[in-house]
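Report on the structure given below.
One is the number of the first residue; the rest follow in order along the sequence.
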Amino acid sequence: MTEQSSEPHAAEHPADHRWNRQRLRSNNEWLLLERLRTAGPASRAQLARDSGLSKPTVSTALAALEQAGLVREAGTVAPDRGRIAVLYEADPSAGYVLGVDIGRAWLRLAVADLAGTVVARSDVPNRGRSASAVARAVVGAAAEVTAAAGLRAEDVVQAVVGTPGVFDEDTDRVRYAVNLPGWGRSGLIAGMRQGLGTSVTVHNDANLAALGEYAFGAGTGSRLFLYILIGTGLGMGVVADGELFRGAHGAAGEIGFLPLLTQPMPGEPTPDGLPRRGMLEDAVSGDAVVRTARELGMTGPLTAKQVFDEARAGTEAAVAAVRQEAQRLAHVVAAVSSVLDPDLVVLGGGVGHSADLLLSTVEQTLHQLTPLRPRVAASVLGEDAVLLGAIATALRTARPQVFDRRSGGDA
């Protein structure tokens with residue numbers, strides 16, 4: 001950015017002149033703050049070279065940022081020639097965010113500073129027997145994890161909550177969260193927002209997982225990638241050029257609702273050998289793995305994790321159940337690839353954690369189904385994808401918000 005003239009146009013009112021000067025100062029401060037945040041500590045001279053601003057302008061802006069608690073000294077550097085220079089860095093303790101992942105089995109929460117460093121975390125079993133109980137548990141766990149970080153509630157400037165389903169901003173309700181009964185009840189989100197005592201936004205869990213994987217995991221640098229979350233349900237997040245694609249009503253990626261009409265897989269029993277009909281989520285999810293394993297002869301209490309563990313041990317029925325899950329997943333990848341043409345598909349969620357047993361069959365089946373063959377990879381973040389996506393999303397809002405509050409700027 002090059003330094004602009006602050007001289008007003010002849011026709012401008014003096015009040016406009018003052019506003020323009022203030023806006024210019026604010027823009028310069030934001031520019032330098034973002035440079036320090038993204039590229040690390042730097043001296044005044046380095047900031048002047050990188051930004052194109054004059055050294056006096058940089059010094060004035062740094063002084064204002066330091067006074068606002070947004071920038072701090074980070075040591076010194078001794079150049080080959082010249083005087084020792086002070087290094088400056090963005091102060092990560094200027095504000096904090098809260099990320100929340102609400103799942104059927106677990107509630108995961110974390111507090112992070114403005115650098116994205118997690119300073120406290122809590123993973124608690126979701127024992128809520130009603131939607132209201134789950135919401136109260138989230139509020140209680142948030143208070144505990146905030147205290148564990150040594151912070152007050154008001155230190156958290158933004159919270160992002162990840163949940164199954166689609167959040168409707170007009171009604172302040174979550175729709176389609178079929179695996180969390182009662183979660184769409186009116187007033188539930190409003191009550192949770194009031195209990196958390198900060199600015200709160202609610203997002204689909206698969207979308208947040210996709211953003212987390214893009215920011216911190218396998219999706220980094222991808223032009224267009226899909227995150228397929230296979231767990232209690234089935235969902236998908238789409239990230240194009242670093243931005244989430246949500247669709248007209250926020251329901252893009254709700255692939256669990258796709259209608260299903262397929263011939264049975266070899267060895268898969270169906271009534272009278274007829275094609276299966278139903279939603280795709282019924283065929284591709286953790287519950288589907290368990291159901292298939294039972295149909296193939298496994299008995300006793302079963303979870304998807306146990307089926308995958310048995311497959312690793314070589315149990316024939318479990319191996320077959322996992323193979324069928326991988327084949328079905330390949331059909332999902334083939335279908336969405338023909339519409340979106342991704343360069344990468346990431347498998348995540350509870351079932352996705354066992355991608356080591358799925359990838360080979362997914363790739364082989366995909367080659368039989370379609371000439372469109374994106375790279376398929378396992379999630380790097382595992383069970384943390386939604387939580388880290390919530391933190392990344394909260395930071396995008398919190399950073400300019402903290403800047404405005406502390407500097408009085410309008411970045």
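In Arg373, the CZ atom is crowded: over 12 heavy atoms of neighbouring residues, nucleotides or ligands sit closer than 6.0 Å. Other residues, nucleotides and ligands place no more than 12 heavy atoms under 6.0 Å from the OH atom of Tyr176. Residue-environment remark: CD (Gln194) stays at or below the threshold of 12 foreign heavy atoms within 6.0 Å. By the neighbour-count criterion of 12 heavy atoms within 6.0 Å, atom NE2 of His249 is sparsely surrounded, having that number or fewer from other residues, nucleotides or ligands.
For residues 35-47, the pairs satisfying salt bridge (charged side-chain N to carboxylate O under 4.0 Å, His left out) are Glu34-Arg37, Arg35-Asp50, with sequence neighbours left out. Identified under the salt bridge (charged side-chain N to carboxylate O under 4.0 Å, His left out) test for residues 150-164, with sequence neighbours left out: Arg152-Glu154, Arg152-Asp155.
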Decide side-chain contact (heavy atoms from CB on, under 4.5 Å) for Val238 and Tyr227; before the verdict, give the C-alpha distance in whole Å, the side-chain angles of both, and the deciding distance to 0.1 Å.
CA-CA 7 Å; Val238 182; Tyr227 181 100; over 6 Å; no
side-chain contact (heavy atoms from CB on, under 4.5 Å), that's the test. Do His331 and Leu369 meet it? Break it down for me.
CA-CA 8 Å; His331 279 78; Leu369 294 173; 3.7 Å; yes
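The closest side-chain heavy-atom distance from Tyr88 to Leu65 is not below 4.5 Å. Contact annotation: the side chain of Ile189 never approaches that of Val161 to less than 4.5 Å [non-hydrogen atoms, C-beta and beyond]. By the 4.5 Å heavy-atom criterion applied to side chains, Asn28 and Thr60 are not counted as neighbours. Leu98 is not listed as a side-chain neighbour of Thr198, based on a closest heavy-atom distance of 4.5 Å or more. Here the side chains of Thr201 and Thr397 are not in contact, with every heavy-atom distance at 4.5 Å or above. Taking the side chain as every heavy atom from C-beta outward, Glu73 and Leu87 never approach each other to under 4.5 Å.
Across every non-hydrogen atom of Pro374 and Val345, the tightest pair is CG-CG2, 3.9 Å. Between Ala293 and Val307 the shortest heavy-atom distance is CB-CG2, 3.8 Å. The heavy-atom pair separating Ala311 from Val322 by the smallest distance is CB-CG2, 3.7 Å.
We find the CG-CG distance between Asp287 and Asn179 to be 7.5 Å, quoted to the nearest 0.5 Å. Rounding to the nearest 0.5 angstrom, the gap separating the CD atom in Gln324 from the OG1 atom in Thr365 is 11.0 Å. Note that the OG1 atom of Thr361 and the CG atom of Leu366 stand 12.0 Å from one another [nearest 0.5 Å]. Ser285 OG to Leu329 CG: the interatomic distance, rounded to the nearest 0.5 Å, is 10.0 Å. Atoms CE and CD, from Met298 and Glu310 in turn, are 5.0 Å apart once rounded to the nearest 0.5 Å.
Under the salt bridge (charged side-chain N to carboxylate O under 4.0 Å, His left out) criterion, Asp168 pairs with Arg175, sequence neighbours left out. Residues meeting the side chain to side chain contact (heavy atoms under 4.5 Å, CB included) test with Glu89, sequence neighbours left out: Pro41, Arg72, Ala74. Residues satisfying the side chain to side chain donor-acceptor pair (under 3.5 Å) criterion with Asp123, sequence neighbours excluded, are Arg108, Arg121. The side chain to side chain donor-acceptor pair (under 3.5 Å) check on Ser379 picks up Glu213, with sequence neighbours excluded.
Listed for the Ser407 side chain is a donor-acceptor partner under 3.5 Å among the backbone atoms of Phe403. A side-chain donor-acceptor contact under 3.5 Å links His353 to the backbone of Glu383. Side chain of Arg328 to main chain of Val284: no donor-acceptor pair is present (N/O by atom type, distance under 3.5 Å, no hydrogens or angles). The backbone N or O of Leu234 lies less than 3.5 Å from a partner atom in the side chain of Glu281, making a donor-acceptor pair. Looking at Ser338, its side chain does come within 3.5 Å of a backbone N or O of Ala335 through a donor-acceptor pair. Judged by distance alone, the side chain of Ser354 and the main-chain N or O of Phe308 form no donor-acceptor pair under 3.5 Å. Of the possible donor and acceptor atoms, none in the side chain of Asp113 sits under 3.5 Å from a partner among the backbone N and O of Tyr96. Looking at Thr220, its side chain does come within 3.5 Å of a backbone N or O of Tyr214 through a donor-acceptor pair. Here the side chain of Arg294 pairs a donor or acceptor atom with the backbone of Gly300 at under 3.5 angstrom. For Asn126 (side chain) and Leu107 (main-chain N/O), no donor-acceptor pair under 3.5 Å exists by modelled atom type.
Electrostatic pairing of Arg312 and Asp356 counts as a salt bridge here, judged by a charged N lying under 4.0 Å from a carboxylate O.
A donor-acceptor pair shorter than 3.5 Å can be found between the side chains of Ser132 and Arg185.
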